[in-house]
Amino acid sequence: MPEAWPRLRREEIAGFRSRAYCDIARDILARFAEDNFSVDELTEDIEAAYATFDCPEIVPLVALGHERYLLELFHGPTLAFKDVALQLMAHLFARSLKRRGARATIVVATSGDTGGAAVEAFGGMTGVELFVLHPAGRVSEMQRRQMTTSPHANIHNIAIRGTFDEAQAIVKGLFADRELVDGLRLASVNSINLVRILIQSVYYFSAAAALPSAPVFVVPTGNFGDVFAGEVATRMGLPVQRLIVATNANDIMVRTLNDGVYAAGRAVSTLSPAMDIQVASNFERALFEAADRDGDFVRRNLSPSKDNHELQLPPAVLGRLQARYAANCATDGETVGSIRRFKEETGRTIDPHTAVAAAAAIKYGGAAGTPVVILSTAHPAKFPEAIERALGAKPALPERLSELLALPEKVVEMDAKLPLVRAFIEARLAHHES
Ligand SMILES: *Cc1c(COP(=O)(O)O)cnc(C)c1O
C-alpha cells in the first residue's frame, strides 16, 4: 500500500470528461510511476496496451435509460476485464526487466479470467516464465482453453485439485518464503499486486467524469480487487455515492459488510466461476484503511497462516466500511433470472458475473437521481451454458474464442500442495535454463 494516496483536484477530475481514456490513465498512473517510468514511457506503454482493445473508447459507458449505465470492461483480447490491467502490466514488466537485464518468474492463481489474460499478455515475452494455477474443473471451458492452448514455451499451466482459495493460498505461501522469492525472482500479477488495482482505478474516474452527478458503482466481486480499485479512486478524490459489492452464493463479503462477521467457509461452484472465492485477498486492504491503517490489527486478524478465518469487526471499523460499501448476493437462480430480465428490458445479453451485479443493483434500489453504473466484467460468450439456461440459446462465439476449440491443450494436474507446485516450478525453470 502507498504511504499516502495522491489527491486529484476537483477541476482536474471534471476535466477528464473531455479526455481520451489513455490520457486519463496516464495522468492518474504517472502519480505512482514517477520513480520507475517517465511520462513518455508510460504513455507509450498505455497506448500499446490498449491498442489491443476492439473499440476506440477502450471501456465504453453504455446508457441504459432510467439513470442506469453499463461500464463494458471486456473489450480486450480475452474478453474479460482482467485485460485492462494485465495488458498494461505486461508492457511495464517488459520495460522494467529489459532495463535491468533481469528475468522473472510470474506465478498467478486464477478463478478463471486472470489466467487467460496473463497468458495473452505474457506469452512469448523474453525473460519471463509464467505459471498459472487454476482450480481443476471449476473454470468454464472457454476460460480453460484460453490458458491451456497457448503456443508459447514460457507458459506453464497447473490444474489444482481444489478450489481457487487453495490455489491462491499456495501462491501466497510461495511468496511468504523470501529466499524462494529472491532465488526464483518471483513476481505476482494477481491483485495481490497493487499495480493491478491502480490501473483499474482509472475506469472509475473515466465513467464518473462522464456522468452528471456522483454515481453508485455496482461491482461483481470475488477477490475484492475491482471494488477496492473503486475505493482507491475515492481516496484520490473521486466523488462516489456508494460501492455495491455484488457476490454469488460465495457471500462471505456480504455477511461481513452487513453483520460484521468475517467467517470463511469452503467456496462452492456457481454459474459465475470467476467469483467463486471465499478468502477475498483485497479485503485486507479495505480493512487496513477502515482500521486507520493499523497493520497490526489486520495481521492479527487475517494472517494468511491462520486456517480458520473468523473475525468480529469492531463497530467503528464496520461503520467506516458501511459508509463506503453496501453488499448483496444472488443465487444461481437469481443470476439466470437477471440475465433474462436484462435482455427483456434492454435488449442486451450480459454474462453471469455482470448479471449478479445487475441483480444487486435492483436489490440496492438507491435514491432517485443517482446514476447507477454496473461494471460489466466479461463477454457473455465466455459462459455459453449460463446464457443458454437463461435465454434458451447459446450466444454467438466471437472469432477470438471459436479459434480455441481446435487447438491442443497443455496442462498438468496436481494436488493442492505447496511442495508439489514448488517442485514443478523449480524443475521447469531448471529445464528452461539448461
Ligand atoms: C475476476 C472477475 C471478477 C471478480 O473481480 P475481483 O477483482 O476478483 O473482485 C468478476 N467478474 C469477472 C468476469 C472476473 O473475471
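In each ligand, atom 1 is the first atom listed, and ligand 1 is the first ligand listed. The structure presented is a predicted model; accordingly, all values stated were derived computationally and were not measured.
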Which protein N or O atoms sit under 3.5 Å from any N or O of ligand 1? Give atom names and distances.
| unit_1 | atom_1 | unit_2 | atom_2 | d |
| --- | --- | --- | --- | --- |
| ligand 1 | 7 (O) | G225 | N | 3.2 |
| ligand 1 | 7 (O) | D226 | N | 2.8 |
| ligand 1 | 8 (O) | N223 | N | 2.8 |
| ligand 1 | 9 (O) | G222 | N | 2.8 |
| ligand 1 | 9 (O) | N223 | N | 3.2 |
| ligand 1 | 9 (O) | F224 | N | 3.0 |
| ligand 1 | 11 (N) | T377 | OG1 | 2.9 |
| ligand 1 | 15 (O) | K82 | NZ | 2.6 |
| ligand 1 | 15 (O) | D113 | OD2 | 2.5 |

* Which pairs with one or both residues in residues 287-296 pass side chain to side chain donor-acceptor pair (under 3.5 Å), sequence neighbours excluded? -> W5-E289, E289-R293, D296-R299

* **Name of the residue among T377, T221, V356 meeting side chain to side chain contact (heavy atoms under 4.5 Å, CB included) with M275** => V356

* Among L88, I28, L29, find the residue that satisfies the side chain to side chain contact (heavy atoms under 4.5 Å, CB included) test when tested with L198. => L29

* **Charged N-O contact under 4.0 Å between R400 and E120** => no

* Do R196 and N193 have side-chain atoms, one donor and one acceptor, less than 3.5 Å apart? -> no

* Cut-off 3.5 Å, side chains only: do D276 and N250 have a donor facing an acceptor? -> yes

